[in-house]
Amino acid sequence: MSLAALDRDARATGLAIRGAFHPAPGDTVPEGTGTLILLGPDEPGFWPEVRRSPEYDDDAPHPLDRWSRRVIGALAARWGGVAVFPADGPPWPPFLSWAARSGQAFPSPIGLYVHAEAGLWISYRGAVALPGCLELPQPSAPPCPACARKPCASACPVGALGTGAPYDTARCQSYLRSEAGRDCRERGCLARRACPISAGVPRQDEQSAFHMAAFMEDWPTGTAPETDRAGKNGEPA
């Protein structure tokens, strides 16, 4: 069983291996883990797989989380591992620490993680902890130092995401529920889209709108106009 073979199996479901590492002492991973594999969307095939799933059409809450649990759970069973998900908690699995350990994701100028292949669109739908130690590729080079313009740092129209400052969630949400925020609301975060790597990822606008609708539903009750609450079934990327 090779990492490449597992990646082919994952891509047949709309997912891709977005990093892997061998845990060291002190890493918070399931007991007995020899290799921890991170799984994220494989664009553009990911969203069509979700759209035609039973979870998407059954009107129950959190269809994407439930799809992820079913699909990644089946992969873990085939691979002889244990599935782990971001919502498993508390305590919550440290997915960002795992991303950093994978050597494929790095802090960006705006504080979000940027992936060597997925750019700022990177998200992790789950992980699989395997007992064996698979052969792994060399870590990628961080992409941001070679990015001369760093367009992500100035792309946010209201400065909610910028260099050297914490993410201003309230300012972002306020902008999103305005008419001016329609582009971000319907096509996804402008700062994420500005990343040159993200620009080459064929992510569908409908998928971005799904995630943004979920983010909008985190507003306190009554603060968002009903016309802007564009869906009830999303989860953040």
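Only a predicted model underlies this, so the values are computations on that prediction, with no experimental measurement involved. Heavy atoms only: backbone and side chains are in, while hydrogens, waters and symmetry mates are out.
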Between [X] and [Y], what is the shortest heavy-atom contact and its length?
X: P137; Y: L3; result: CD-CD2, 3.7 Å
X: L38; Y: A127; result: CD2-CB, 4.1 Å
X: P107; Y: C144; result: O-SG, 4.3 Å
X: G34; Y: P23; result: O-CD, 3.4 Å
X: P41; Y: S123; result: CD-OG, 3.3 Å
X: C147; Y: P196; result: SG-CG, 4.0 Å

Please work out whether the ring planes of W98 and F21 are parallel, tilted or perpendicular, with thresholds of 30° and 60°. tilted
Over 60° means perpendicular and under 30° means parallel, so classify the ring planes of Y167 and F215, tilted if in between.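 The arrangement is parallel - the two ring planes meet at less than 30°.
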Is the closest side-chain heavy-atom distance between [X] and [Y] below 4.5 Å?
X: L161; Y: C172; value: no
X: V82; Y: L130; value: no
X: L75; Y: L39; value: yes
X: S140; Y: Q104; value: yes
X: P93; Y: P86; value: no
X: E43; Y: V201; value: yes
X: I37; Y: R18; value: no
X: E49; Y: S53; value: no

Keeping [X] on the side-chain end and [Y] on the backbone end, is there a donor-acceptor pair under 3.5 Å?
X: S174; Y: A170; result: no
X: D58; Y: A60; result: yes
X: D65; Y: H62; result: no
X: H22; Y: L134; result: yes
X: D42; Y: G45; result: no
X: S198; Y: L120; result: yes
X: S102; Y: A99; result: yes
X: T33; Y: L36; result: no
X: K150; Y: P109; result: no

Nearest-0.5 Å distance that lies between atom [atom1] in [X] and atom [atom2] in [Y]:
X: R125; Y: F95; atom1: CZ; atom2: CZ; answer: 9.5 Å
X: H211; Y: W121; atom1: NE2; atom2: CH2; answer: 8.5 Å
X: C195; Y: H115; atom1: SG; atom2: NE2; answer: 12.0 Å
X: C152; Y: R192; atom1: SG; atom2: CZ; answer: 11.0 Å

[Y]/[X] salt bridge by N-O under 4.0 Å criterion:
X: D205; Y: R193; value: no
X: R69; Y: D88; value: yes
X: D7; Y: R11; value: yes
X: D57; Y: R51; value: no

Indicate if [X] and [Y] have the same hydrophobic cluster label, given that clusters are the connected sets of ILVMFWY residues with side-chain heavy-atom separations under 4.5 angstrom.
X: L176; Y: V158; answer: no
X: Y175; Y: L112; answer: no
X: I110; Y: L190; answer: no
X: M1; Y: V128; answer: yes

Can you check whether W67 and F46 have ring centres sitting under 6.0 Å from each other?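 Yes, close enough.
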Test side-chain hydrogen bond (donor to acceptor under 3.5 Å, both in side chains) on S208 and R203; report intermediate values, then the result. CA-CA 8 Å; S208 294; R203 174 163 155 156; 3.0 Å; yes
Share the residues that join Y113 in a hydrophobic cluster, the rule being Ile, Leu, Val, Met, Phe, Trp or Tyr side chains under 4.5 Å apart at the heavy-atom level.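 Direct or chained contacts put Y113 with L96.
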